[in-house]
*Asks:* 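Got a structure for you, written out below as structure tokens; questions coming shortly.
Order of appearance sets the numbers: ligands from 1, and atoms from 1 within every ligand. The figures here come from the full heavy-atom set of this structure, side chains too, leaving out hydrogens, waters and symmetry mates.
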Amino acid sequence: MQIAIDGPAGSGKSTIAKIVAQKMGFTYIDTGAMYRGVTLYFLEHHVEPGDLPEIKARLGRIRLDFKEGRMHLGERDISKDIRSPEINRRVSDYARIPEIRLALQKQQREIARKKSVVMDGRDIGTYVLPQAEVKVFLSASDEERARRRQRDLLERGYEASFEEILDNLKQRDAIDSSRAHSPLKKAPEAHGIDTTRMSIAEVVAEIISIIGGVEPCSD
Ligand code: DC
């Protein structure tokens with residue numbers, strides 16, 4: 001079974017998707033972490049988003065792997081590094097590059113072919129898994145999303161002002177929604193949930209009830 005959970009930054013996707021996956025006994029795939037991992041690699045190798053020949057030459061060499069819920073670049077655990085304010089600032093500039101998207105989307109489809117998944121991102125219901133049995137699109141007000149992101153960052157040891165975070169979220173939304181290739185968009189058939197005034201448990205319960213009403217595919 002495939003469950004696609006899309007939405008903008010700070011809408012609660014990863015927290016919710018992780019719990020839904022646990023409850024269903026499915027594998028959770030955080031596709032944002034993959035775009036962040038690629039961004040970390042290119043920044044550390046001083047390859048700018050405009051340098052397409054170098055990006056194409058290096059893409060095949062980037063080994064991203066989820067091991068026990070942690071993101072690895074080769075043998076290195078990059079789970080913390082990919083949440084830094086610098087990656088937040090730069091990730092959308094790399095994530096808009098079609099060559100990068102196609103490479104990661106191919107990996108995402110391969111994972112979902114082998115096992116039942118809850119996959120979160122921006123383009124899962126519209127592009128990566130258009131055949132997913134359940135599609136959910138989460139949203140929340142800009143201010144609420146910035147508050148959540150600030151809390152997340154603090155928990156990970158990064159400090160940033162509310163205004164800075166709000167600006168970053170809006171900028172990322174604008175780039176993510178306007179890019180030509182697989183932009184952030186609600187699939188027409190996706191269930192929209194505005195999480196602004198909902199608890200995590202309430203959102204999870206709503207998604208579980210949506211899943212409960214769906215017949216799983218036999219393949
Ligand atoms: O979900 P996140 O904030 O970790 O995602 C980081 C960035 O990666 C986001 O700004 C846009 C990009 N992204 C994407 O373009 N497509 C996805 N499926 C997931 C993330």
Side-chain angles (χ1 to χ4, degrees), residues 2-18 21 28-43 49 55 59 62 64 66 69-71 73 78-112 117-130 132 135-140 142 144-153 155-156 158 160 165-187 190 195:
Q2 297 177 340
I3 300 172
I5 302 188
D6 290 302
S11 57
K13 290 186 312 285
S14 45
T15 310
I16 306 282
K18 213 178 290 172
Y28 165 57
I29 306 294
D30 176 355
T31 62
M34 299 171 76
Y35 288 94
R36 288 169 179 272
V38 166
T39 302
L40 179 76
Y41 172 92
F42 284 127
L43 288 176
I55 286 180
L59 250 182
I62 306 177
L64 289 175
F66 292 102
R70 315 261 321 158
M71 179 53 107
L73 180 59
I78 54 167
S79 309
K80 177 159 195 271
D81 296 343
I82 57 171
R83 304 289 159 193
S84 72
E86 180 172 24
I87 300 288
N88 284 342
R89 244 189 336 268
R90 303 295 310 275
V91 61
S92 289
D93 291 332
Y94 290 91
R96 67 194 296 204
I97 299 169
E99 283 78 2
I100 292 182
R101 301 200 66 75
L102 288 168
L104 295 186
Q105 288 162 338
K106 184 162 171 253
Q107 290 178 28
Q108 291 156 13
R109 288 195 185 116
E110 266 159 28
I111 301 171
V117 292
V118 178
M119 193 173 279
D120 86 27
R122 305 290 188 288
D123 55 348
I124 310 305
T126 52
Y127 190 85
V128 178
L129 304 176
K135 297 183 185 181
V136 174
F137 192 89
L138 299 181
S139 61
D142 293 351
E144 177 60 22
R145 293 190 296 123
R147 265 193 294 278
R148 292 175 186 170
R149 205 22 77 94
Q150 190 174 35
R151 220 168 31 224
D152 274 6
L153 282 169
E155 276 167 17
R156 295 174 206 272
Y158 296 111
I165 293 171
L166 187 60
D167 271 3
N168 172 260
L169 286 182
K170 287 183 179 170
Q171 257 172 39
R172 276 211 283 152
D173 286 355
I175 302 175
D176 294 344
S177 325
S178 65
R179 67 174 172 240
H181 195 289
S182 46
L184 163 65
K185 203 168 68 188
K186 178 181 174 300
T195 69

*Asks:* Before accepting this row, confirm whether a basic side-chain N of the pair R179/D173 lies closer than 4.0 Å to the acidic partner's carboxylate O.
*Replies:*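 Judged by the 4.0 Å cut-off on N to carboxylate O distance, R179 and D173 do not form a salt bridge.
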*Asks:* If you measure only the distance, is there a donor-acceptor pair under 3.5 Å linking the side chains of D176 and S92?
*Replies:*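 There is such a pair between these side chains.
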*Asks:* Under a 4.0 Å heavy-atom limit, does Q108 contact ligand 1 with its side chain, its backbone, both, or neither?
*Replies:*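 Looking at Q108 and ligand 1, no heavy atom falls under 4.0 Å.
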*Asks:* Looking at ligand 1, does any of its N/O atoms fall within less than 3.5 Å of an N/O of R36?
*Replies:*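 It does: an N or O of R36 is found under 3.5 Å from an N or O of ligand 1.
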*Asks:* Checking a contact table here: which protein heavy atom is nearest atom 11 (C) of ligand 1, and how many Å away?
*Replies:*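 It is D176 OD2, 3.2 Å.
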*Asks:* Touching ligand 1 at all, R101? Heavy atoms, strictly under 4.0 Å?
*Replies:*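 So R101 counts as touching ligand 1.
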*Asks:* What atoms in ligand 1 come closer than 4.0 Å to a heavy atom of A95?
*Replies:*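 Numbered from 1, ligand 1 contributes 12 (C), 15 (O).
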*Asks:* With distance as the sole criterion, is a donor-acceptor pair present between the side chains of T39 and R89 under 3.5 Å?
*Replies:*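 The answer is no; no qualifying pair exists.
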*Asks:* Give a yes/no on ligand 1: does K13 have at least one heavy atom closer than 4.0 angstrom to it?
*Replies:*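 So K13 counts as touching ligand 1.
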*Asks:* Answer with yes or no whether Q105 contacts ligand 1, where contact means a heavy atom under 4.0 Å from a ligand atom.
*Replies:*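 Q105: no contact with ligand 1 (<4.0 Å).
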*Asks:* Side-chain contact test, heavy atoms from C-beta onward, threshold under 4.5 Å: evaluate it for K135 versus K186 and give yes or no.
*Replies:*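 K135 does not reach K186 side chain to side chain.
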*Asks:* Could you check which of L184, D123, I87 puts a non-hydrogen atom nearest to atom 18 (N) of ligand 1?
*Replies:*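 Answer by nearest heavy atom: D123.
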*Asks:* May I ask you to decide whether R145 forms a salt bridge with D142, counting only side-chain N to carboxylate O separations under 4.0 Å?
*Replies:*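 The answer is yes: the pair qualifies as a salt bridge.
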*Asks:* Could you walk me through whether F137 and S11 pass the side-chain contact (heavy atoms from CB on, under 4.5 Å) check?
*Replies:* CA-CA 9 Å; F137 192 89; S11 57; over 6 Å; no
*Asks:* Considering R96, R122, R83 one by one, which has a heavy atom nearer to atom 14 (C) of ligand 1 than any of the others?
*Replies:*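 It is R122 whose heavy atom sits nearest to atom 14 (C) of ligand 1.
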*Asks:* Run the numbers for me: atoms of ligand 1, each under 4.0 Å from some heavy atom of S92, listed by number.
*Replies:*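 Atoms satisfying the 4.0 Å criterion: 10 (O).
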*Asks:* Quick one: is the NZ or CZ of K80 closer than 6.0 Å to the six-membered ring centre of Y158, and within 45° of its axis?
*Replies:*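 Relative to the ring axis of Y158, which defines the angle, K80 lies inside both limits.
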*Asks:* What is the nearest protein non-hydrogen atom to atom 13 (N) of ligand 1, stated with its residue, atom name and distance?
*Replies:*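 The protein heavy atom lying closest is Y35 CD1, 3.6 Å.
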*Asks:* Under 4.0 Å between a side-chain nitrogen and a carboxylate oxygen: does that hold for D123 and R101?
*Replies:*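 Yes, D123 and R101 are salt-bridged.
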*Asks:* For ligand 1, is R90 a contact, meaning one of its heavy atoms is under 4.0 Å away?
*Replies:*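 The answer is no: ligand 1 sits nowhere under 4.0 Å from a heavy atom of R90.
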*Asks:* Starting from atom 19 (C) of ligand 1, find the nearest protein heavy-atom neighbour and note its residue, name and distance.
*Replies:*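 Checking every protein heavy atom, the shortest distance to atom 19 (C) of ligand 1 gives T31 OG1, 3.3 Å.
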*Asks:* Name the closest protein heavy atom to atom 6 (C) of ligand 1, giving the residue it belongs to and the distance to 0.1 Å.
*Replies:*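 Here the nearest protein heavy atom works out to R172 NH1, 3.4 Å.
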*Asks:* Is it true that E144 and R148 have a side-chain N and a carboxylate O under 4.0 angstrom from each other?
*Replies:*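 Answer for the salt bridge query: yes.
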